[in-house]
Amino acid sequence: MAEQKLPNDEIITAEDFSFVQKDASLHDKKFQTRPTTFFKDAMKRFVKNKSSVVAAGILAVLILMAIIVPIADRNDITTNVQEVQYLPPKWFSGNANGFMDGTKRVTDIVLDPFEKDKDGNYVVPNDSNYVQNAIIGNIEAYSSYSDSLTQGVKKYGKNGSIEIANVGNTDRVTQEWSTDGPAGISSPEVTFADTETVSFSAVLDLEASKASLIENSELSVSLAFEVASGGNTQEVTLAGPLMVQDATEGVLACDDVVTAIKNDGIADADIKGRFITYVNVPSEAKFTTEKVYVKSLTAKASASDLSKASFSNATKALSDLEDKVDGAYTRFGQAKLNIHRSEVLYGSFRYDYYKATFGSTDDNDPKPVFSQWRYSSYDVQQFIDRGWMTYEWGHDTQLGVFTLTEAGKTYCPIRSVVSQRYEEDPFHPGDPEYEIKELTANVSFYRHLYYEGRIADCKPPMYFFGTNARGLDFFKVVFSGLLVSLGLGFLSAGINIIIGLIWGAIAGYFGGWVDLLMERFVEILGGMPWIVMMTLIVLLTGSNSFGIFLLALCITGWIGISGTTRSQFYRYKRREYVLASRTLGASDARLIFRHILPNAIGTIVTSAVLMIPSVIFTEANIAYLLPGTMQLSGSFGVTLSDVQADLTLYPYLIVSASIVMALIMISFNLFGNGLRDAFNPSLKGADE
């Protein structure tokens with residue numbers, strides 16, 4: 001063989017092609033992997049699906065919480081506790097600036113402009129719904145105006161003007177609106193001599209009055225005096241009408257009331273009557289747009305005191321009118337009255353609702369928050385028998401001697417006695433068994449709830465989801481309801497899966513007339529809307545118990561599973577491996593459960609798993625949309641339905657429950673998808 005050169009100038013010789021005999025045996029290598037089962041392989045594939053694993057973890061946590069929370073959380077959710085209703089969520093015991101710490105920022109609270117603390121800061125009034133000691137930090141005070149005569153504005157607002165609208169009447173037959181004469185306000189009855197110089201004037205908020213006018217309006221204001229003479233009343237016009245749209249000054253006055261009255265033919269020496277300020281509205285106008293605003297009214301006489309017919313503080317005058325205070329102005333005619341731009345001192349602050357409700361755990365707190373409670377002699381004796389306190393009853397209303405024991409400092413609700421009642425029963429005089437004994441005491445409210453068994457521990461509770469309108473621990477309510485709904489979901493899903501698998505397998509495997517008859521039956525049964533069937537069952541049985549709901553869910557709930565199973569059997573029953581097994585003598589049962597069903601299990605499992613959240617969601621929808629007889633008592637749907645009215649003011653209730661619902665639905669969905677891929681036989685042995 002001639003020498004050859006490679007491109008790199010390396011020379012190849014004949015020796016490079018010599019045959020080499022090696023004494024070595026050739027054989028297949030032993031497998032290094034271990035054999036696996038179908039379910040082990042499915043689990044391996046499932047674990048690789050990270051989203052499904054996370055969903056499975058969330059599901060496991062929620063299901064465990066649904067089981068554990070109703071047992072571990074010993075707060076009572078059967079008895080209403082109205083004193084603790086609508087507490088905000090609390091997860092942290094410290095001040096987290098409003099984040100899950102049981103506090104909320106409160107705004108626009110009316111303050112007493114004349115009350116301050118020792119540091120010169122404004123405080124909430126004593127008659128407020130807020131406790132000063134539960135306010136975190138100082139109150140941010142600011143002045144503003146109110147157009148609403150609330151209780152706070154009535155008591156602490158000032159100035160502004162009285163809004164007067166002529167309501168008129170609506171004819172019951174024609175439904176046409178019309179004014180029924182003038183409407184306004186009238187003073188208390190006053191008396192003055194006909195020799196006095198009397199004046200009466202009104203100051204209007206002309207700018208606001210003009211702003212209320214409609215186009216081409218003829219709104220006018222007049223002053224009058226209603227004279228009580230000779231057993232009759234006679235109305236005398238004093239000033240006006242002042243056409244609001246044409247006025248340049250908002251003052252309407254009569255400087256000589258006596259002359260105006262005499263000119264009307266009244267000759268009484270002592271004149272009695274009421275000053276009237278009223279609004280006239282043309283019949284085509286509507287009271288909602290035609291309004292006059294009166295800032296003040298002033299009545300003066302040279303000798304008589306007419307101060308009760310005068311006011312400069314419109315807020316106070318309207319408050320007295322609305323509260324029907326003696327000697328106050330009254331409504332005249334068909335008048336609708338309101339306040340306009342009352343000057344009010346408002347405050348904003350962060351408020352600890354838990355401290356306001358339960359008080360402090362520190363007995364040395366210089367300003368403890370107490371509730372007042374009335375205890376019968378039975379309760380007092382219970383406290384004494386438990387070694388929490390001693391009390392020597394005084395005579396009648398005379399206070400006895402009250403002492404807290406060491407254990408009582410921790411557990412006894414009574415912190416001090418305010419008053420006592422100690423009387424003989426008039427029907428059993430001298431018999432101590434029938435004596436009436438009662439204590440009124442300052443009470444640590446959380447200790448009182450612990451004594452009544454409504455909270456688990458003798459300390460202020462922390463409600464993770466807050467409390468609802470009944471004052472119940474909403475965290476426990478949610479998971480107690482979830483347990484009921486999960487139980488309904490798992491039971492109904494299990495029953496429907498068994499029925500659906502058997503029905504669908506028979507129909508799909510045998511086909512022909514068997515399938516035809518079975519499918520016609522399914523179509524008839526499935527043709528009736530489920531909600532109609534559910535309603536009929538509840539009405540016929542007269543019950544909305546757990547068993548009735550389960551029955552209603554299982555009557556048609558299996559149809560979807562049977563349809564999925566049937567389609568899968570049609571897909572696989574004529575495959576080569578099924579024909580081979582049949583040729584080798586496999587029975588129908590072996591073909592169904594050993595060869596066809598395992599290959600179709602992926603899609604069936606997904607449908608089956610999704611049945612559980614579907615049942616929960618369906619029950620929740622029924623309870624939410626059809627409250628009353630169509631509710632399963634204590635279920636998750638009832639929990640959502642009960643708080644739907646609180647969405648505006650207390651959104652955290654329905655939000656927390658909805659988050660749990662969303663987690664359940666999403667997690668079941670992802671978990672089902674993961675199971676579908678894991679149980680797909682075509683992916684057996686695949687690494688990815």
Side-chain angles (χ1 to χ4, degrees), residues 110 144-170 177-190 200-214 217 219-226 235 238-242 244 247 250-252 273-283 285-299 308-344:
V110 177
S144 187
Y145 299 98
S146 174
D147 291 334
S148 178
L149 196 67
T150 63
Q151 289 300 320
V153 174
K154 277 185 180 182
K155 190 166 185 178
Y156 301 108
K158 62 181 181 179
N159 300 329
S161 55
I162 297 178
E163 176 187 284
I164 304 176
N166 195 334
V167 178
N169 287 316
T170 301
W177 180 91
S178 64
T179 57
D180 188 15
I185 52 176
S186 63
S187 73
E189 188 174 73
V190 295
F200 185 62
S201 62
V203 178
L204 309 180
D205 184 340
L206 197 58
E207 182 180 349
S209 300
K210 286 186 175 182
S212 75
L213 300 181
I214 60 174
S217 176
L219 179 67
S220 64
V221 187
S222 298
L223 302 182
F225 190 80
E226 187 181 69
E235 188 177 308
L238 300 179
L242 173 69
V244 173
V251 179
L252 186 62
R274 303 172 185 271
F275 290 101
I276 301 171
T277 305
Y278 63 83
V279 180
N280 276 313
V281 184
S283 59
K286 295 295 182 180
F287 71 88
T288 54
T289 55
E290 300 286 351
K291 300 171 184 175
V292 168
Y293 299 85
V294 179
K295 287 184 175 181
S296 63
L297 294 175
T298 304
K308 61 182 180 180
S310 306
F311 68 80
S312 58
N313 186 342
T315 303
K316 177 68 167 58
L318 184 58
S319 299
D320 291 345
L321 185 155
E322 294 292 342
D323 293 339
K324 299 180 180 179
V325 176
D326 289 340
Y329 264 78
T330 56
R331 188 177 274 100
F332 175 74
Q334 296 292 321
K336 179 181 179 182
L337 307 178
N338 198 10
I339 196 66
H340 176 68
R341 289 184 68 80
S342 174
E343 298 174 20
V344 184

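Note that these values count all heavy atoms, side chains included, but never hydrogens, waters or copies made by symmetry. Counting from 1, the numbers follow the sequence of the chain as shown.
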Checklist entry - Does the side chain of N280 come within less than 4.5 Å of Y278's, by heavy atoms? => result yes
Next on the checklist: Using salt bridge (Lys or Arg N to Asp or Glu O under 4.0 Å), reason through D147 and R341 one step at a time and then give a plain yes or no.
Outcome noted: CA-CA 5 Å; D147 291 334; R341 289 184 68 80; over 6 Å; no
Next on the checklist: A side-chain contact here means heavy atoms from C-beta on lying under 4.5 Å apart; do I185 and T330 qualify?
Outcome noted: no
Checklist entry - Taking C-beta and beyond as the side chain, do D323 and L321 meet within less than 4.5 Å on heavy atoms? => result no
Item to check | Within 6.0 Å of NZ in K154, more than 12 heavy atoms from elsewhere | outcome: yes
Checklist entry - Checking S187 side chain against F275 main chain: does a donor-acceptor pair fall under 3.5 Å? => result yes
Checklist entry - Between the main-chain N or O of E189 and the side-chain N or O of K308, is there a donor-acceptor pair closer than 3.5 Å? => result yes
Checklist entry - Short question: side chain of T315, backbone of N159 - any donor-acceptor pair under 3.5 Å? => result yes
Checklist entry - So do V203 and L252 actually touch side chain to side chain, heavy atoms under 4.5 Å? => result no
Checklist entry - Mind checking whether V279 and L219 have side chains closer than 4.5 Å, heavy atoms only? => result yes
Next on the checklist: What I want to check is whether the side chains of S342 and S146 have a donor and an acceptor closer together than 3.5 Å.
Outcome noted: no
Next on the checklist: In the structure I gave you, are the side-chain heavy atoms of Y145 and E343 within less than 4.5 Å of one another anywhere?
Outcome noted: yes
Checklist entry - Between H340 and Y293, how do the two ring planes meet: parallel, tilted or perpendicular, split at 30° and 60°? => result tilted
Checklist entry - With Y329, which of D320, L318, L297 fulfils side chain to side chain contact (heavy atoms under 4.5 Å, CB included)? => result L297
Checklist entry - Yes or no on salt bridge (Lys or Arg N to Asp or Glu O under 4.0 Å) for R331 and E322, after CA distance, side-chain angles and deciding distance? => result CA-CA 9 Å; R331 188 177 274 100; E322 294 292 342; 3.2 Å; yes
